[in-house]
Structure formats: structure tokens, C-alpha cells
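Sequence positions, counted from 1, serve as the residue numbers for this chain. Everything quoted here is computed from the prediction, not taken from an experiment.
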Amino acid sequence: MAFASNQKSRKVKALLAGGLVLGVGAAVTLAAWTDQEWATGNFTAGSFNVQGSTDGAAWGDNEIPGEAAAISFSLDPDGPNPAENLSPDTTVAGAFALRTAAGTTYDATVKLLSSSATETTPGDSANLTYGIFIVDNMAACTEDAIPAAGNEVIANGTAFGSVSGATVINLAKGASTTEAGAPVTLCFQVHAGAGLDEGQVNNATWQFEATSVE
């Protein structure tokens, strides 16, 4: 009996040992493959620049008051109302064009931020008013031009120092990054009132701000 018990015990132990072996073998077969995927992205800022021109041919950046573009209000030096020879109740006109520069990747909206006038006699600029509207080209800006419907930027008769009621000007980017956008020509008309002092010099300044549009 003892021999049988020992034999049975060895069989049990052998089976347990075999079970351990089988257990180890099962652990090996459960190993898994792994693989990884990565993603990355590059982000580059766009470009934005608006330029101005007083003749429609030469374009530049006029970003500070000291570099303001000088609009010529003497479109016809031999005409009756050149800016250098104003008289009461007369009007002069000058053109200024805006466009998005080549390389610009956004459209733009432009708003008139401020207008001002300095004079040699204090208060004399109160005798000057202005208006701005869009015209087809430089030649279309004359002292007797009338704004077409929807083209008025700010109404004639506006006092210097005011930009009340000014509307937004829309500029399109170029067809490609190597091309400038189509220009928009603005006609400035300045009217001298009946109280204009003789021989006085007035210097007018307008400030515009362009904002990129997606």
C-alpha cells in the first residue's frame, strides 16, 4: 500500500509539474506585437500688407505720419480751383489709391480712423470740409465728380476732426502671391467755406487702418 501511495504521489507531482510547464508555455504564446504611428504639422503665418499711391503707378508703404503720402489737389494747375489758390466757396479734389501688396495672403477691410487739419491762423481750418468716395480711376477724381450709389466713404461737408459715418473699404488680395490686389481709388474733395481767410495755409491729414479678412 505504501508503494502504491508513493507511486500515486509521484504521479500527482508529475502532473502538477506538467501543469506548470504547460502554464509557462501558455504565457509565451500570449506575447503581442506592437507598432507606433506619429503625426506632425507645420504652421506658417500668412502675410499682410496694404500700399498706397497718389498716381496709380508708384506704390509704397505710408505707415507713420512723417511718411504720409502727399495727395496732389492740383489736378489741373491751370484750372480755376487749384489747391494752392483756394478761394471761398470753391472745391478741389485729389486721388489716393489703396491695394493689397504682392505676397499678401488675405483680403482686407480699410477704415478711415481720423482726419485733422492744421492752420497758420488758429480756427481757419473750420472753414474747410471734406468728403471721400470711390471712383473708377485717378482721372475720374475731379472737383465736380459725384459719388455713385454705394461708393461714398464719408459724406461731403464733413468737418476736419470728424470721421462720423465713415464706411469700410474692401480690398481683395492678388490672384496669386506674386501679384498685388486690384487697386481701389479714392477721391478726396475739399471745400472752402465763405469764411476762408486770405493767404492762410492749411495742412490736412487722413489716417486709414487696414485689417486682414479671412
Side-chain angles (χ1 to χ4, degrees), residues 50-60 62 65 68-99 108-121 123-172 180-210:
V50 170
Q51 298 176 314
S53 174
T54 57
D55 61 6
W59 296 85
N62 311 284
I71 300 173
S72 174
F73 283 91
S74 299
L75 297 179
D76 181 3
D78 299 322
N81 300 317
E84 291 86 355
N85 193 30
L86 273 175
S87 60
D89 294 319
T90 58
T91 299
V92 292
F96 182 60
L98 295 168
R99 73 177 186 184
T109 57
V110 179
K111 186 173 183 179
L112 177 63
L113 282 188
S114 68
S115 69
S116 62
T118 58
E119 63 280 306
T120 55
T121 298
D124 192 51
S125 63
N127 292 296
L128 297 176
T129 58
Y130 76 99
I132 304 172
F133 52 95
I134 298 171
V135 292
D136 291 337
N137 50 56
M138 293 281 175
C141 181
T142 63
E143 61 268 17
D144 56 357
I146 298 174
N151 282 355
E152 189 174 77
V153 176
I154 193 164
N156 271 315
T158 300
F160 280 95
S162 173
V163 293
S164 179
T167 60
V168 168
I169 304 160
N170 295 307
L171 300 179
V184 173
T185 303
L186 305 178
C187 185
F188 293 67
Q189 288 181 340
V190 177
H191 180 77
L196 185 70
D197 290 336
E198 182 180 349
Q200 300 305 306
V201 177
N202 293 273
N203 181 267
T205 303
W206 293 271
Q207 179 188 9
F208 294 87
E209 181 179 71

S.K.: Any heavy-atom pair between the side chains of Leu86 and Leu128 that's under 4.5 Å?
M.R.: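 Yes - at least one pair of side-chain heavy atoms lies under 4.5 Å apart.
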S.K.: Checking Leu186 against Ile134 for the side chain to side chain contact (heavy atoms under 4.5 Å, CB included) test, could you report, in this order, the C-alpha distance in whole Å, the side-chain angles of both residues, the deciding distance, and whether it holds?
M.R.: CA-CA 5 Å; Leu186 305 178; Ile134 298 171; 3.8 Å; yes
S.K.: Can you tell me if His191 uses its side chain to pair, donor with acceptor, with the backbone of Thr90 under 3.5 Å?
M.R.: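 Side chain of His191 to backbone of Thr90: a pair is present.
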S.K.: For Gly56 and Met138, which heavy atoms make the closest approach, and how far apart are they?
M.R.: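 Closest heavy-atom pair between Gly56 and Met138: N-CE, 3.3 Å.
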S.K.: Name all residues meeting the ring pair (Phe, Tyr, Trp, His ring centres under 6.0 Å) criterion together with Phe133; count only those two or more places apart in sequence or in a different chain, and write none if there are none.
M.R.: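 Listed in chain order: nothing, the list is empty.
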S.K.: Look only at the side chain of Asn127 and the backbone of Gly195, and say whether a donor-acceptor pair between them is shorter than 3.5 Å.
M.R.: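 A pair under 3.5 Å: yes.
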S.K.: List the atom of Gly181, the atom of Arg99, and the distance in Å for their closest heavy-atom pair.
M.R.: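 The pair with the smallest heavy-atom distance is O-CB, 3.7 Å.
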S.K.: Kindly write out the residues that satisfy ring pair (Phe, Tyr, Trp, His ring centres under 6.0 Å) with Tyr130, not counting sequence neighbours, or none if the list is empty.
M.R.: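 With sequence neighbours excluded, Tyr130 shows a ring pair (Phe, Tyr, Trp, His ring centres under 6.0 Å) to Phe160, Trp206, given in chain and number order.
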S.K.: Ignoring hydrogens and angles, tell me if any N or O in the side chain of Gln189 forms a donor-acceptor pair with the backbone of Thr142 under 3.5 Å.
M.R.: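 Yes; judged by distance alone, with no hydrogens or angles, the pair exists.
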S.K.: Do you know the tightest heavy-atom contact between Leu98 and Trp59?
M.R.: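 The pair with the smallest heavy-atom distance is C-CZ3, 3.9 Å.
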S.K.: Considering non-hydrogen atoms only, spot the tightest contact between Ser125 and Ala117 and give its length.
M.R.: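 In this case the closest contact between Ser125 and Ala117 is CB-CB, 3.6 Å.
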S.K.: Rounded to the nearest 0.5 Å, what's the gap from CG on Asp136 to OG1 on Thr185? Could you check?
M.R.: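 Here the rounded value is 8.5 Å.
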S.K.: Would you say Ser87 and Asp89 are linked by a side-chain donor-acceptor pair, where the criterion is simply a distance under 3.5 Å?
M.R.: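 No, no side-chain donor-acceptor contact under 3.5 Å.
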S.K.: Mind listing the closest non-hydrogen atom pair of Ala108 and Val50 along with its distance?
M.R.: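 Smallest interatomic distance, heavy atoms only, reads CB-CG2, 4.2 Å.
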S.K.: Enumerate, atom names and distances included, each donor-acceptor pair closer than 3.5 Å involving a side-chain atom of residues 162-170, sequence neighbours excluded.
M.R.:
unit_1: Ser162; atom_1: OG; unit_2: Ser164; atom_2: N; d: 3.2
unit_1: Thr167; atom_1: OG1; unit_2: Glu152; atom_2: O; d: 3.0
unit_1: Thr167; atom_1: OG1; unit_2: Val153; atom_2: O; d: 3.4

S.K.: Could you give the distance from OG (Ser116) to CG (Asn202), rounded to the nearest 0.5 Å?
M.R.: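 Result: 11.0 Å between the selected atoms.
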S.K.: Atom CD1 in Ile132, atom CD1 in Ile154: separation rounded to 0.5 Å?
M.R.: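 Going from the CD1 atom of Ile132 to the CD1 atom of Ile154 covers 6.5 Å.
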S.K.: Mind listing the closest non-hydrogen atom pair of Phe96 and Ala69 along with its distance?
M.R.: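 Scanning both residues completely, I find the closest heavy atoms to be CE1-CB, 3.6 Å.
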S.K.: Rounded to the nearest 0.5 Å, how far apart are SG of Cys187 and CD1 of Ile71?
M.R.: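 Result: 9.5 Å between the selected atoms.
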S.K.: Do Glu209 and Lys111 have side-chain heavy atoms sitting under 4.5 Å apart?
M.R.: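 No; the side chains remain at least 4.5 Å from each other.
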